[in-house]
Amino acid sequence: MTTKTTERRVLPGMGMVKGLWVTIYTMFRTIFRPGKYLATINYPVVKETPVARARGVIALDQEACTVCMLCARQCPDWCIYIEGHKEEKEPDKPGGRIKVRNTLDRFDIDYALCMYCGICVEVCPFDALFWSPEYEYSETQMGDMLHDMDRLQGWLATVPPDPELEK
Amino acid sequence: MSFLTELFSNFWVSLVGKLLIVALMIPLVGMVIGFAEIKLSAKMQARMGPYFAGGRWGWAQLIADGVKFFQKEDLIPDQADRPVFKLAPVLVLVSTVGLLVVIPFGPDLIFRDLSVGIFYALAISSLSTVGVLMAGWSSGNKYSLMGGLRAAGQLIAYELPLVLAVIGSVMLAGTMSMSGIVEAQIAAGYPYVILQFLGFGIFMIAALAELSRIPFDMPIAESELVMGYLTEYSGFRFLFFFLAEFANMFSLSAIAVTLFLGGYWLPGIPESVLPYAGPVILLAKTFLLVFAMIWFRWTFPRFREDQLQSLAWRWLIPIALANILITGAFKVYL
């Protein structure tokens, strides 16, 4: 606990000396014990495990999707493309009502546009979209950043289980 | 051997040889210091630094950077004054080459031992200011112009303490020749930093300002002026400025070593081994000072323009003048 008055009695320029000490101390520390003091990791060789709820990539559960278009309409970047059609299902009993079911034809997310806000995940009423912590999906061509339905379904396997509910 | 001596006694052969050595030295020294800078700055910030280029330690990083610069488009803005724009980086590099000429690397190892060595060195180092001002003016860009003007103002302010700090050593040695100053230090038996510690400190501060390196990088202050006078430069013209900065760090440090730290001489080293050990000693001392420059850069924040000017005019110049008076008194009465 140093008060302001005691700090002023210190020799002028001591702050600069202190700063020089910090940089050279950090330098030798990092050179001789990089394992302990390195603040960064050597990425492609060593990989960091992202936290469980990291926003890496969005996964799609095709079974749960009802083609309600809420996610596409809420998306601030308009990076979700959805197409679907209605399928008629035969009634269970003869003479019953014909059931209509929405089926997904196309569900693309353009990760070149996506800004990872997560509104689509929040807004989905049927829990068809999930955050996955995977982050290694860079491409050499911009067009390849458009993930189609099946690729998004593939990310589903990497989604971590839900956390325990709070009591 | 006699054949070689005869060959190099020919004026033109020795001139071409010396030119080749200087031309090779500038990129080499620039790369070594540039690599030291990126690697040491990384360690000072607890980072790894370049790692993959060249297989180990990222040693080829700057070679890759150089190749990258040559691949880039040589862009000249429409509004630029073309001949001046093209000449500016060359002029900056020429002043760097000129500085190397008078540095004594050993008792006989000097490109040209001028009798006004240190005077010549200071004169030619201010040539780079002209180059910087030309670059700023000819870019046709207001940020560049502001950067160039700031560089000019800064270099006028810091040229004075630089010259005044040198005078102390010149007075003690009684000569302006660079090798003469080193010989005077050998004869005196101590490096002049012992008497001229004020002069040495002022010289190093002013040299940092001359180089416009970070505590003094107002001319290229990227948060205010984009990149100052470098804004419009790309490709190998930018590389020229880049190399000149690092080579200038080396040559100004070598001049400081020659004037204040005994040059190629260490106390306790017999004079008979100096021709061989001299260059190594000089390089070791020089790189020590270069390390200090890198260290300061990654520690201190940038000065404000008024702080920068008041440091030069209100502190450095009066102290340097007082230093000259004290040195004069010392010289006369002791």
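Below, read A as the first sequence line, B as the second, and so on, with proteins coming before strands; counting in each chain starts at 1.
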### Query
Do B/F287 and B/F291 have ring centroids that are under 6.0 Å from one another?
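B/F291 vs B/F287: aromatic centres not under 6.0 Å.
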Compile the donor-acceptor pairs, distance criterion under 3.5 Å only, formed between chain B and chain A.
| unit_1 | atom_1 | unit_2 | atom_2 | d |
| --- | --- | --- | --- | --- |
| B/K43 | O | A/T30 | OG1 | 3.1 |
| B/A46 | O | A/A39 | N | 2.9 |
| B/W295 | NE1 | A/L20 | O | 3.0 |
| B/W295 | NE1 | A/T23 | OG1 | 3.1 |
| B/T299 | OG1 | A/T23 | OG1 | 2.7 |

#### Entry: Gap between atom CG of B/D217 and atom CD of B/Q154 - 0.5 Å precision
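Answer rounded to 0.5 Å: 8.5 Å.
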### Parallel, tilted or perpendicular: ring planes of A/F32 versus A/F28, cut at 30 and 60 degrees
parallel
### Task
Check side chain to side chain contact (heavy atoms under 4.5 Å, CB included) between A/A54 and all other residues, then give those that pass, not counting sequence neighbours.
A/P50, A/V51, A/P133
### Query
SG of A/C120 to CG of A/L129: how many Å apart, nearest 0.5 Å?
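Separation between the atoms: 5.5 Å.
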### Message
Please determine whether side chain to side chain donor-acceptor pair (under 3.5 Å) holds for the pair B/Q196 and B/T327, giving the CA-CA distance in whole Å, both sets of side-chain angles, and the decisive distance to 0.1 Å.
### Response
CA-CA 8 Å; B/Q196 290 294 317; B/T327 312; 2.9 Å; yes
